[in-house]
Protein chains: 2
Amino acid sequence: MTAPPTVPPEPGRPDRSAAVKARIRGSARERFNRDGFEATGIRDIAADAGVNPALVIRHFRSKEHLFIETVGADASWGDVLDGPLDQIGARAVRAILDGHRHGHRAFGAIVRASGRPDIHATLKNSITRQLSEPLEAALPGPDAALRAHLFCAQFIGLMVALSVYDDEYLQTAPAESIIARYGEALQRTLAPQHP
Amino acid sequence: MTAPPTVPPEPGRPDRSAAVKARIRGSARERFNRDGFEATGIRDIAADAGVNPALVIRHFRSKEHLFIETVGADASWGDVLDGPLDQIGARAVRAILDGHRHGHRAFGAIVRASGRPDIHATLKNSITRQLSEPLEAALPGPDAALRAHLFCAQFIGLMVALSVYDDEYLQTAPAESIIARYGEALQRTLAPQHP
DNA sequence: GTCTATAACGTGATAGAC
DNA sequence: GTCTATCACGTTATAGAC
């Protein structure tokens, strides 16, 4: 979110510990996504990566920082906005469903951990930078801000249903029926006039 | 959520500890709603209530259980479904905005703490029992389940925007503009046919 | 001088003895 | 009801290995 992930502090040298950091990142990402922030301990991550627990903190500043650098970086919806604006509703819903069915659990993990101040900030920034702001800028007509923000609320609502409170009906319902209905609802939220 | 809040186990005796339990509940509710589950310690609650920390655990089984009995019980949207179905969209949005502007932070606190299994179950049950199921039963026409669940997703989305990721635009925008747009969107999600 | 391992510290929730 | 012990956790201090 703030700094590039894998750049060593001093680019001149190869940074011998890069491999260890990568292993820790990998273990952390898997654990955090599967078990959540709380249920995952530093010692668990360290054991998976085959390193000493203290190393995890030494390389990443804290457990929270490690979470943000791994899971937080996975929460991206940049490509939803690519493409024609008049089909963004269906495209957004399809992206959410595809992501969920391919096992992307980052969003749920972030929301469930958003009691932590820095993780909350990460969540808020992701939505603002990647969704609200570019969408608002792209919208023609009056009330662009209102429409963009309501679109986001609606968009996030489906993600929360699937990966935060685990709505089993929506998790297993045919994708096309959800895309048709919810996609259209999203699309109408973006329309300047409601007929 | 499960049991009435202030009924003593044996109605014959006055149950001297009832007052203490009530004080603990009051302190817990305030702290949890204001600072969240994690940032609130058992010692903080006990200090506010003027009791010994160990007593909190003795009366309520755990911090998580205490949270569910206080904040969890505040998450109720039963009255949203009361009234004519053809105006439920606007009514739901108005209820959300009113609740938020009156300082009801229960939903945000629950979502942010839903990493804990029991709190997650509380959240899921609240939505299912109070929204999805009664709504689905009340809906005429085909696809009742799909429409009810998508309505819930949309409904929850606005709550999440206001009290989880703190969308400052929606928090301060004129209520009527949100009610008009989002209320209509909710209403259309319930319609059997999308025109 | 940079990376890693060992051993502790502080804190928080919780359980059991009194 | 209260006191105290226990256990797990994130984190840090310190010192050894390259």
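The chains referred to below are lettered A, B, ... by the order of the sequence lines, with proteins before strands, and numbering in each begins at 1.
- Look at CD1 on A/Ile119: it is 12 Å from P on D/dG10, rounded to the nearest Å.
- Going from atom CG of A/Leu55 over to atom P of C/dT2 covers 16 Å, rounded to whole Å.
- Atoms CD (A/Glu38) and P (D/dA8) sit 17 Å apart, rounded to a whole Å.
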Where protein sits on nucleotides 12-18 of chain D, one letter per nucleotide: B base, S sugar-phosphate only, - none, heavy atoms under 4.0 Å: B------

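- With hydrogens and angles left out, the side-chain atoms of A/Asp166 and A/Gln171 include a donor and acceptor closer than 3.5 Å.
- For the pair A/Glu64 CD and D/dT11 C1', the interatomic distance rounds to 14 Å; values are reported in whole Å.
- Electrostatic pairing of A/Glu176 and A/Arg94 counts as a salt bridge here, judged by a charged N lying under 4.0 Å from a carboxylate O.
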Can I get a per-line list of side-chain donor-acceptor pairs under 3.5 Å for residues 153-165 of chain B, giving both atom names and the distance, sequence neighbours left out?
from: B/Gln154; atom 1: OE1; to: B/Thr189; atom 2: OG1; distance (Å): 2.5
from: B/Gln154; atom 1: NE2; to: B/Ala185; atom 2: O; distance (Å): 3.3
from: B/Ser163; atom 1: OG; to: B/Met159; atom 2: O; distance (Å): 2.9

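- A/Asp44 approaches A/Ala39 most closely through the heavy-atom pair OD2-O, 4.0 Å.
- Between A/Val51 and A/Arg23, the shortest heavy-atom distance links the atoms CG1-NH2, 3.6 Å.
- Scanning all heavy atoms of the two residues, the minimum distance from B/Ile57 to B/Arg61 falls at CG2-O, 3.5 Å.
- The interatomic distance linking A/Ile24 (CD1) with C/dC3 (P) rounds to 12 Å, in whole Å.
- Salt-bridge formation is not detected for the pair B/Asp143/B/Arg147: no Lys NZ or Arg NE/NH1/NH2 atom is positioned less than 4.0 Å from an Asp or Glu carboxylate oxygen.
- Heavy atoms of B/Val20 sit nowhere under 4.0 angstrom from any nucleic acid atom.
- Ring centroids of B/His65 and B/Phe60 are separated by 6.0 Å or more, keeping the two rings apart.
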Just the atom pairs and distances: protein N or O near nucleotides 9-12 of chain C's N or O, under 3.5 Å.
none

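- Between B/Glu184 and A/Arg188 a salt bridge is recorded (basic side-chain N to carboxylate O distance below 4.0 Å).
- Between C/dT4, D/dT2, C/dT14, one nucleotide has an atom nearer to the side chain of B/Ser62 than all others, and that is C/dT14.
- Backbone-only contact: B/His59 has heavy atoms under 4.0 Å from sugar-phosphate atoms and none from a base.
- Across the protein-nucleic acid pair, B/Asn52 atom CG and D/dT4 atom C1' stand 11 Å apart, rounded to whole Å.
- For B/Val51 and A/Arg116, each mapped to the nucleotide of DNA chain D holding its nearest heavy atom, the one lying further toward the 5' end belongs to B/Val51.
- Rounded to an integer number of Å, the gap from B/Phe60 CZ to D/dG1 C1' is 15 Å.
- Between the CD1 atom of A/Ile45 and the C1' atom of D/dG10 there is a distance of 11 Å, given to the nearest Å.
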